[in-house]
Amino acid sequence: MREKLTFFVRRLPIKWKLMLGAAALIFLLFSTYNYAQYLVLKHWMMNQEKDKIQVNMAQLQDYFQEKSNRTDAFPVADSRLYIEKLMGKNQLVRILGKEGEILLTVTNHFDESWIPPKSVSVSELFDITHLEDHILVYRSPIVTAQMVGTIEVASNLETFDHFSQTLLWVMLIGGVLAVFISGISGLALAKQFMRPIRRLASTIRSVKEKGLTARVSKIENGDELANLAQLFNELMNQLETSFLQQKQFVEDASHELRTPITILEGHLSLLHRWGKSEPDVLDESLQASLQEVRRLKGIVQELITLTRVESNSLSENVEPIEIEPIIHETAKRCEVLHPDFEFIESTQSLKDVRLSISPLHLEQIMLIILDNAVKYSANNKRIEIEAVRLRNDVQVSVKDHGIGIPVADLPYVFDRFYRVNKARNREIAGTGLGLAIAKQFVHNYRGVMTIASEENIGTKVTISFPIHPNIE
Ligand code: ADP
């Protein structure tokens with residue numbers, strides 16, 4: 001049963017949960033408060049009634065004492081007039097003799113059979129219920145010069161009962177009304193509260209149906225729900241941007257791959273048609289095809305590297321290494337490959353500087369930059385490698401005196417597949433991925449990569465990495 005109830009409550013919409021909660025809470029508070037108030041009032045009223053009956057008794061006692069002192073013989077029956085004046089509505093006064101015999105009974109809207117006569121030696125005050133009536137009884141012994149007996153005073157608490165019943169009803173109706181009103185206002189509040197959540201839910205639904213462009217409209221400023229909607233919109237913006245970037249990347253990659261494949265296809269069909277009989281065509285086409293296959297292999301390899309670098313966002317916990325020897329060795333390797341170039345190194349300030357970077361990654365970054373410097377140098381074959389150590393970071397720059405990059409192209413050279421003036425670069429091998437890969441590597445080590453260039457004067461590529469104070 002309890003499990004069923006929990007299951008039922010759990011499945012209720014938040015709106016109803018809030019309404020039920022508010023109503024239950026108000027009901028609990030209201031009924032506790034009202035009941036306590038009712039008890040206190042009832043107690044107070046009962047005391048009031050008791051006081052009244054005690055005053056009556058005291059007056060009767062005084063009256064009889066006085067009469068017996070003043071007159072020699074005073075028949076009890078003579079006091080009827082006085083008692084009738086004294087008593088209120090719904091009351092009984094009975095005087096009993098020594099043996100409990102009834103000497104006088106005065107009633108006002110009170111049936112004397114409700115209370116059996118009883119003489120007492122000690123006063124007693126109590127309330128009893130007779131059928132539907134609630135009766136307060138006070139018995140007290142009386143001893144005067146002329147008589148010994150008991151005075152009985154009884155009061156039917158009809159007014160009191162009537163009043164307390166009305167009070168109970170008023171409180172009950174008030175309670176029901178309060179629960180009803182709190183339920184309705186809880187529902188209204190919950191509706192108001194749920195509006196932004198419902199809007200968020202419908203946006204999420206439309207994202208599911210229509211795609212990433214949906215956003216939560218009309219965000220009212222202020223509370224946590226508005227912040228949530230704002231956060232959702234920002235998240236969707238980011239998702240959309242990265243989704244578009246991915247799409248662009250796939251488009252660019254397919255485009256780049258298509259060109260060598262088309263050329264390859266052309267050469268192969270040429271070979272198929274003429275190559276078997278003409279050795280010249282055979283040789284030339286094979287050479288060209290091989291070149292395109294190498295190019296394809298290069299693009300695929302670089303694409304794999306780029307995706308790998310991008311997915312390993314931050315490279316932490318790498319053993320700190322001295323970077324100067326790595327830069328030097330990379331420059332030496334380039335020198336062996338391109339003996340016609342002159343590599344001028346000034347990296348002394350890096351002596352003993354240690355960075356948390358993988359040597360393989362640093363080598364890869366340097367190779368990309370040096371390779372570009374070689375590729376895009378024209379007649380001036382001097383390449384300067386300079387390193388400076390600043391307060392919080394190290395900077396390594398590679399400067400060439402080659403063809404440079406036009407100002408208009410500079411902002412895009414780090415984009416994937418971007419090559420300045422493809423016609424200009426046709427003879428120079430390249431995929432347009434090198435700088436994008438290098439920048440991502442540098443970024444992964446919290447570094448910064450910049451490029452400065454002037455057309456026909458030269459290019460300077462600078463990378464800088466922060467030095468951790470505890471390393472060195
Ligand atoms: P690529 O494989 O074409 O060299 P990169 O991403 O390494 O691809 O470079 C992007 C483009 O930036 C190159 O195509 C080239 O036009 C330009 N570039 C890069 N480095 C230099 C440089 N040192 N001098 C002149 N142009 C450069």
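Remember, it's 1-based here, ligands and their atoms both numbered in the order they're listed. Atoms considered below: every heavy atom in the structure, side chains included; atoms not considered: hydrogens, waters and symmetry mates.
For ligand 1, the atoms sitting less than 4.0 Å from at least one non-hydrogen atom of Leu433 are 6 (O), 8 (O), numbered in the order shown with element in parentheses. For ligand 1 and Val413, the ligand atoms under 4.0 Å from any heavy atom of the residue are 10 (C), 12 (O). Distances below 4.0 Å separate heavy atoms of Ile405 from the following atoms of ligand 1: 18 (N), 25 (C), 26 (N), 27 (C). Atom numbering of ligand 1 starts at 1 in the shown order; those under 4.0 Å from a heavy atom of Leu435 are 5 (P), 6 (O), 7 (O), 9 (O), 19 (C).
Note: no N/O pair closer than 3.5 Å links Ile451 and ligand 1 by distance alone. Looking at Gly434 next to ligand 1, an N or O pair under 3.5 Å apart turns up. Between Gly432 and ligand 1, an N or O atom pair is found at a separation short of 3.5 Å.
The salt bridge (Lys or Arg N to Asp or Glu O under 4.0 Å) pairs that include a residue from residues 45-56 are Glu49-Lys52, where partners are two or more places apart or lie in different chains.
The cationic group of Arg446 does not satisfy the cation-pi geometry with Phe465, failing either the under 6.0 Å distance to the six-membered ring centre or the 45° limit from the ring axis.
Ionic pairing of Lys351 and Glu324 is present here: one or more N-O contacts between side-chain nitrogen and carboxylate oxygen are shorter than 4.0 angstrom. Comment: Arg258 does not engage Glu265 in a salt bridge, judged by the lack of any side-chain N to carboxylate O separation of less than 4.0 angstrom. The pair Arg333-Glu363 counts as a salt bridge, with a side-chain nitrogen and a carboxylate oxygen less than 4.0 angstrom apart. A salt bridge links Glu335 with Lys332; the closest basic N to acidic carboxylate O contact falls under 4.0 Å. A salt bridge links Arg382 with Glu384: at least one charged nitrogen is closer than 4.0 Å to a carboxylate oxygen.
With a 4.0 Å cut-off on non-hydrogen atoms, Val420 touches ligand 1 through its backbone as well as its side chain. Within the 4.0 Å heavy-atom criterion, the part of Tyr418 lying near ligand 1 is the backbone and not the side chain.
The closest heavy-atom contact to atom 3 (O) of ligand 1, among the options Arg419, Glu302, His401, Lys375, comes from Arg419. Distances from atom 25 (C) of ligand 1 to the heavy atoms of Phe417, Phe414, Tyr376 show the closest one on Tyr376.
Contacts of Ala23 classified as side chain to side chain contact (heavy atoms under 4.5 Å, CB included), with partners at least two apart in sequence or in another chain: Val179, Ser182.
Not a single heavy atom of Gly402 lies less than 4.0 angstrom from ligand 1.
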